[in-house]
Amino acid sequence: MAQKDTVGVVGTGIMGAPMAVNLAKAGYDVVAYNRTPAKAEALVGDGVRVARSIAEVGAAAPIVITMVPDTPDVLDVVEGPDGLAASMAAGSVLIDMSTIAPGATRELAARLAERGIAMLDAPVSGGSWGAQQATLTIMAGGEQEVFDRCLPVFEALGKNVTLMGPSGMGQTTKLVNQILVAGTCSAVAEALVFAAAHGADLLKTIEAVGGGAAASWQLANLGPRMVNGDFAPGFMVKLQQKDLRLVLESAQEKHVPLAVTSIARAYYTALEADGLGEEGTQALIKAVERPAGLEARQRA
Ligand code: NAP
């Protein structure tokens, strides 16, 4: 395969690492930086080059992807000392694939535009499995022309890629996604604890209701992990808490009452208070089990 452009990746955590590998597999020259160097160095065998600094990534690549946790982290990586804003050339593109605040995204895009750097917000859904399989759903915000230029990069990472509108609309769409995900995950946890309390076979229950109107990604993927007692992340409770904070802040701006989402956030708050912030979001079932006084477990 002919070598394609250089693509930079800053943040090779649960999501960024497999994304960098998939870009290398698709023929891109990938240069990656991670704050904890070992996580980037682990990708060398998969054809990813390791940069010693964020500025080295910015100087090397006409397209740079950021995949870090929250708004202050993106601002740090882009505008902090040794950041991307100062090292990326005019005419290059920053693609932020982290989930952060839509308003801060629009402001950052405007500041970068003054330096001649284009920005797309392109948060993702599909979890670590989607990142590994290159089947992520990608929701982008920004200019059509910039999106078209970056589409081949997105196609190396995901399957369902949509430009939602101007800067910030990718992040807004991701928050819509998180309203659906958090509500559904809570319903799955409540349904399984209810089923266990009434003595139902839990795996059979998932199979039976999963073929009808109650079918969902959360039930099919996280339901079996809940009852198997597999709470490894995937998507960490603390990151979902961050997303739900962004959702509720945005909802408040427009006076939209999100009652179900607020309850889901309260479940996650209880888990964080118990020190479970680094477990996967399927640990939500523990917040329902505790008051019910039972564990809904059944090994496959
Ligand atoms: P993660 O495993 O915690 O990875 C985050 C990475 O960012 C780490 O490599 C971390 O470096 C780096 N980082 C954190 N703060 C930084 C800072 N201030 N400066 C520089 N680097 C920093 O998280 P993740 O699951 O990959 O999530 C990344 C983003 O994707 C988040 O916005 C999340 O909401 C979103 N997302 C995640 C999933 C999922 O299923 N996991 C799904 C959809 C979207 P260190 O190694 O040094 O800590």
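What you see below is based on every heavy atom in this structure, not just the backbone, and it leaves out hydrogens, waters and symmetry mates. In each ligand, atom 1 is the first atom listed, and ligand 1 is the first ligand listed.
Contact between Lys242 and ligand 1 is present, with at least one heavy atom of the residue lying under 4.0 Å from the ligand. The shortest separation from a heavy atom of Ser128 to ligand 1 is under 4.0 Å, placing the residue in contact.
Of the protein's heavy atoms, Ile14 N, 2.8 Å lies nearest to atom 2 (O) of ligand 1. The nearest protein atom to atom 41 (N) of ligand 1, hydrogens excluded, is given as Gly234 O, 3.2 Å; this is a heavy-atom distance. Remark: minimum distance from atom 27 (O) of ligand 1 to any protein heavy atom is reached at Leu239 CD1, 3.6 Å. Of the protein's non-hydrogen atoms, the one nearest atom 30 (O) of ligand 1 is Met67 CE, 3.1 Å. Scanning the protein for heavy atoms near atom 46 (O) of ligand 1, the closest one is Lys39 NZ, 2.7 Å. Given atom 18 (N) of ligand 1, the protein heavy atom at minimum distance is Asp73 OD1, 3.1 Å. Protein heavy atom in closest approach to atom 20 (C) of ligand 1: Val77 CG2, 3.6 Å. Closest to atom 4 (O) of ligand 1, if we only count protein heavy atoms, is Gly13 CA, 3.4 Å.
Heavy-atom minimum distance, Thr12 versus Ala32: CG2-CB, 3.9 Å.
Checking side-chain atoms of Gln282 against main-chain N and O of Ala232 turns up a donor-acceptor pair under 3.5 Å. Within the 3.5 Å criterion, the main-chain N or O of Leu203 finds a donor-acceptor partner in the side chain of Asp201. No donor-acceptor distance shorter than 3.5 angstrom exists from the side chain of Asp121 to the backbone of Ala140, with no hydrogens or angles considered. Between the side chain of Thr36 and the main chain of Lys39, no donor-acceptor pair closer than 3.5 Å is present. Of the possible donor and acceptor atoms, none in the side chain of Thr261 sits under 3.5 Å from a partner among the backbone N and O of Ile179. At distances below 3.5 Å, at least one donor-acceptor pair connects side-chain atoms of Gln298 with backbone N or O atoms of Leu202. With Asp73 contributing its side chain and Asp70 its backbone, the two residues share a donor-acceptor pair below 3.5 Å. Although no hydrogens or angles enter the test, the distance criterion places a donor-acceptor pair under 3.5 Å between the side chain of Gln171 and the main chain of Ile100. Listed for the Lys242 side chain is a donor-acceptor partner under 3.5 Å among the backbone atoms of Thr99.
Within a 6.0 Å sphere centred on CD of Glu143, heavy atoms belonging to other residues, nucleotides or ligands number 12 at most. Counting non-hydrogen atoms of other residues, nucleotides and ligands closer than 6.0 Å to CZ of Arg245 gives a total above 12.
Heavy atoms of Lys174 found under 4.0 angstrom from ligand 1 belong exclusively to the side chain. By the criterion of a heavy-atom distance under 4.0 Å, both the backbone and the side chain of Thr36 are placed next to ligand 1. The residue Val10 has no part lying near ligand 1, judged by heavy-atom distances below 4.0 Å.
Salt bridge present: Lys238 and Glu278 bring a charged side-chain N and a carboxylate O closer than 4.0 Å. Between Asp29 and Lys4 there is no salt bridge, since no side-chain N of the basic residue sits under 4.0 Å from a carboxylate O of the acidic one.
The atoms of ligand 1 that sit less than 4.0 Å from any heavy atom of Thr12 are 9 (O). Close contacts between ligand 1 and Gly127 involve ligand atoms 40 (O) [criterion: under 4.0 Å to a heavy atom]. Heavy-atom proximity to Phe235, at under 4.0 Å, picks out these atoms of ligand 1: 34 (O), 37 (C), 38 (C), 39 (C), 40 (O), 41 (N). Residue Ser98 has at least one heavy-atom neighbour below 4.0 Å for each of these atoms of ligand 1: 32 (O). Within ligand 1, counting atoms from 1 as listed, the ones closer than 4.0 Å to a heavy atom of Met236 are 3 (O). Interface atoms of ligand 1 facing Val124, defined by a heavy-atom separation under 4.0 Å, are 43 (C), 44 (C). Atoms of ligand 1 lying under 4.0 Å from any heavy atom of Asp76, numbered from 1 in the order shown and given with element: 18 (N).
For atom 32 (O) of ligand 1, the nearest non-hydrogen atom from the set Pro69, Pro37, Gly280 comes from Pro69. Closest heavy-atom approach to atom 10 (C) of ligand 1 among the candidates Asn34, Thr281, Thr99, Val68: Asn34. Between the choices Arg35, Met15, Glu278, the shortest heavy-atom distance to atom 17 (C) of ligand 1 belongs to Arg35.
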